[in-house]
Amino acid sequence: MEEKTILVIEDNEMNMKLMRAVLQVGQYRMLEAFDAETGLRLVKEQRPDLVLMDIQLPSMDGLSATRIIKADPELCDIPVFALSGFAMESDKEKANDVGFAGYIVKPISVKALLETLADHFGSSPAKNP
Ligand code: MN
């Protein structure tokens, strides 16, 4: 299977570290951005296969950044999954309008994340070593 590139936009160092470990297990190539501005630049330059987007980011938030991706005809086909600790229905509704391909609820479950990615890419999750 061809290697998939996943861009993680996440400002929390611990979460980023966890994502690094999880994506390594899943044998994905990972790009990292700690803010939305850097993330948007990487989306344009690298065209990742998928974006994991934290909602709460330092300056521009994940909802605004995703709206920008979805409004760009050259980028709008790239699936963006929300990384969010929000469980509120109102937040989910707001996020629905933005056009996320799915949600990853924080705290991140390693198994659930790998299953979500494998489902999306239509492959079985990497076996544990
Ligand atoms: Mn955050």
Side-chain angles (χ1 to χ4, degrees):
M1 189 190 67
E2 136 196 39
E3 192 181 44
K4 299 292 185 189
T5 299
I6 297 178
L7 168 62
V8 179
I9 306 175
E10 164 67 78
D11 63 318
N12 181 285
E13 186 74 53
M14 288 305 290
N15 286 337
M16 189 65 100
K17 206 173 159 187
L18 175 63
M19 298 303 265
R20 221 174 270 149
V22 174
L23 295 183
Q24 194 173 16
V25 169
Q27 296 182 314
Y28 296 103
R29 178 171 170 252
M30 182 183 179
L31 300 171
E32 303 180 13
F34 286 88
D35 57 65
E37 291 79 1
T38 308
L40 287 173
R41 182 171 55 74
L42 287 173
V43 169
K44 283 179 194 146
E45 287 175 3
Q46 306 278 327
R47 306 289 166 103
D49 296 295
L50 187 145
V51 178
L52 294 174
M53 178 80 78
D54 184 22
I55 299 300
Q56 291 178 301
L57 291 165
S59 54
M60 185 193 297
D61 70 22
L63 296 178
S64 306
T66 303
R67 280 194 195 99
I68 290 173
I69 294 169
K70 292 298 147 185
D72 187 325
E74 289 190 19
L75 306 176
C76 63
D77 288 339
I78 298 172
V80 181
F81 282 70
L83 283 174
S84 178
F86 297 157
M88 302 277 293
E89 280 308 310
S90 60
D91 288 319
K92 274 205 162 171
E93 267 171 42
K94 221 191 298 172
N96 268 334
D97 298 337
V98 175
F100 288 110
Y103 303 88
I104 311 285
V105 178
K106 291 201 250 186
I108 291 154
S109 148
V110 173
K111 188 166 175 283
L113 175 56
L114 286 174
E115 280 173 0
T116 300
L117 294 174
D119 275 355
H120 177 80
F121 291 123
S123 59
S124 41
K127 298 270 185 294
N128 287 327

Engineer: Could you work out, with salt bridge (charged side-chain N to carboxylate O under 4.0 Å, His left out) as the rule, every residue matching Arg29, not counting sequence neighbours?
Structural biologist: none
Engineer: Report yes if some heavy atom in the side chain of Ile68 is under 4.5 Å from a heavy atom in the side chain of Leu40; otherwise report no.
Structural biologist: yes
Engineer: Do Ile6 and Asp49 touch side chain to side chain, with heavy atoms closer than 4.5 Å?
Structural biologist: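 Answer no - side chains too far apart.
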Engineer: Closer than 3.5 angstrom, by distance alone: can the side chain of Lys70 be matched with the main-chain N or O of Cys76 as a donor-acceptor pair?
Structural biologist: yes
Engineer: Compare every heavy atom of Ile108 with every heavy atom of Met19, then report the nearest pair and how far apart it is.
Structural biologist: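 Looking at all heavy atoms of both residues, the closest pair is SD-CD1, 3.4 Å.
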Engineer: Decide yes or no for Val8 and Asn15: does some side-chain heavy atom of the first lie under 4.5 Å from some side-chain heavy atom of the second?
Structural biologist: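 No, too far: nothing below the 4.5 Å cut-off.
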Engineer: Is Met60 close to Glu37 at the side-chain level, that is, under 4.5 Å between some pair of heavy atoms?
Structural biologist: yes
Engineer: For a quick test of reading the model, state the closest non-hydrogen atom pair linking Asp61 to Ile55 and the distance between them.
Structural biologist: CB-O, 3.3 Å
Engineer: Heavy atoms only: give me the nearest Glu10-Met16 pair and the separation to one decimal.
Structural biologist: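 Where Glu10 meets Met16 most closely, the heavy atoms are O-CE, 3.6 Å.
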Engineer: Do you know the tightest heavy-atom contact between Leu57 and Asp54?
Structural biologist: CD1-O, 3.5 Å
Engineer: Considering only heavy atoms from C-beta outward, does the side chain of Met53 approach that of Leu63 to under 4.5 Å?
Structural biologist: no
Engineer: Output the distance between atom NZ (Lys44) and atom CD1 (Ile78), rounded to the nearest 0.5 Å.
Structural biologist: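 Nearest 0.5 Å value for the NZ-CD1 distance: 11.0 Å.
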Engineer: Enter the distance from Ile104:CD1 to Leu113:CG here, rounded to the nearest 0.5 Å.
Structural biologist: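 Reported to 0.5 Å precision, the distance equals 5.0 Å.
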Engineer: Classify the angle between the aromatic ring planes of Tyr28 and Phe121 as parallel (below 30°), tilted (30 to 60°) or perpendicular (above 60°).
Structural biologist: tilted
Engineer: Rounded to the nearest 0.5 Å, how far does CD of Gln27 lie from CG of Leu117?
Structural biologist: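 So the CG of Leu117 and the CD of Gln27 are separated by 13.0 Å.
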Engineer: Within a radius of less than 6.0 Å around CD of Glu45, do more than 12 heavy atoms belonging to other residues, nucleotides or ligands occur?
Structural biologist: yes
Engineer: Provide the closest heavy-atom pair for Glu13 versus Arg20 in the form atom of the first, atom of the second, distance.
Structural biologist: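 Of all heavy-atom pairs spanning Glu13 and Arg20, the closest is OE2-NH2, 4.1 Å.
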Engineer: Taking side chain as C-beta onward, heavy atoms only, is Thr38 less than 4.5 Å from Ile9?
Structural biologist: no
Engineer: Taking all non-hydrogen atoms of both residues, which atom of Gly62 and which atom of Phe100 are closest, and how far apart?
Structural biologist: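 For Gly62 and Phe100, the tightest heavy-atom pair comes out as O-CZ, 4.3 Å.
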Engineer: What distance do Asn12 atom CG and Phe34 atom CZ have between them, rounded to the nearest 0.5 Å?
Structural biologist: 9.0 Å
Engineer: Are Gln46 and Thr5 close enough that a side-chain donor and a side-chain acceptor fall under 3.5 Å?
Structural biologist: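 Side-chain D/A pair, Gln46 to Thr5: absent.
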Engineer: What do you reckon, is CD of Gln24 surrounded by more than 12 foreign heavy atoms closer than 6.0 Å?
Structural biologist: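 Incorrect, the count does not exceed 12.
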